[in-house]
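Here the structure is laid out as structure tokens; the discussion comes afterwards.
Heavy atoms only: backbone and side chains are in, while hydrogens, waters and symmetry mates are out.
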Amino acid sequence: MDVQYRAHLESLRIDQVRWRSFVPEHRLVRPFEPISFYSGWLIVGKERVAYLPERDMRQLGHIQGIPCSPPLQCPDFEEIIDAWAHWNDHVVPPDSREQHMSISGEVVDGYLDWLHQYSHPYLLHTSRRVINPGILHG
């Protein structure tokens with residue numbers, strides 16, 4: 001079965017992929033497959049792309065934690081094929097898989113600070129917005 005998935009995924013073009021959250025309502029339509037927790041590299045046509053679900057666990061209906069750094073070096077095609085063949089050895093850690101969201105967008109303490117410092121440093125919290133003092137004192 002895994003070989004069929006891989007062959008199908010490798011034949012897809014980027015414009016043929018549609019992403020859909022696996023929130024509880026969607027799981028009634030399409031059951032969640034454990035292989036969705038695979039974390040590593042995929043081959044898309046002649047491209048190698050990192051698939052890192054731990055960086056967006058909210059899409060899978062789980063509490064978003066602070067992810068580890070993404071891999072800096074891209075493995076060769078044979079290593080990717082081997083990892084895919086043994087996908088169960090390359091999944092998001094159990095503690096991240098067990099934390100289901102109770103409210104939409106739920107994150108662990110410290111995640112938003114991490115997001116603004118490392119992942120999206122140019123996004124500003126509204127509470128941190130600098131207000132022109134001249135506006136306050138007219």
### Task
Examine distances only and state if a side-chain atom of Glu106 and a backbone atom of Ser102 form a donor-acceptor pair shorter than 3.5 Å.
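Flag set: sc Glu106 to bb Ser102 pair under 3.5 Å.
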### Task
Check each of Gln64, Met57, His62, Arg58 against Met101 using the side-chain contact (heavy atoms from CB on, under 4.5 Å) test, and report the only one that passes.
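Between Met101 and the candidates, side-chain contact (heavy atoms from CB on, under 4.5 Å) is satisfied uniquely by Arg58.
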### Close side-chain approach of Pro71 and Leu52, heavy atoms under 4.5 Å
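Yes; the side chains approach each other to less than 4.5 Å.
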### Query
So do the side chains of Pro94 and Glu98 get within less than 4.5 Å of each other, counting heavy atoms only?
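Touching, per the 4.5 Å side-chain cut-off.
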### Task
Ignoring hydrogens and angles, state whether a donor on the side chain of Ser96 or Glu54 is under 3.5 Å from an acceptor on the partner side chain.
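The answer is no; no qualifying pair exists.
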Smallest separation among heavy atoms of [X] and [Y], with atom names:
{"X": "Ile80", "Y": "Ile43", "answer": "CG2-CG1, 3.7 Å"}
{"X": "Lys46", "Y": "Phe77", "answer": "O-CZ, 3.7 Å"}
{"X": "Pro67", "Y": "Tyr111", "answer": "CD-CE1, 4.4 Å"}
{"X": "Cys68", "Y": "Arg55", "answer": "O-NH1, 3.0 Å"}

Distance (rounded to the nearest 0.5 Å) between [X] [atom1] and [Y] [atom2]:
{"X": "Leu112", "Y": "Ile66", "atom1": "CG", "atom2": "CD1", "answer": "9.5 Å"}
{"X": "Tyr38", "Y": "Trp84", "atom1": "OH", "atom2": "CH2", "answer": "7.0 Å"}
{"X": "Ser36", "Y": "Gln59", "atom1": "OG", "atom2": "CD", "answer": "12.0 Å"}

### Message
Taking the ring of Phe37 and the ring of Phe32, is the distance between their centroids below 6.0 Å?
### Response
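Between Phe32 and Phe37, the centre distance is under 6.0 Å.
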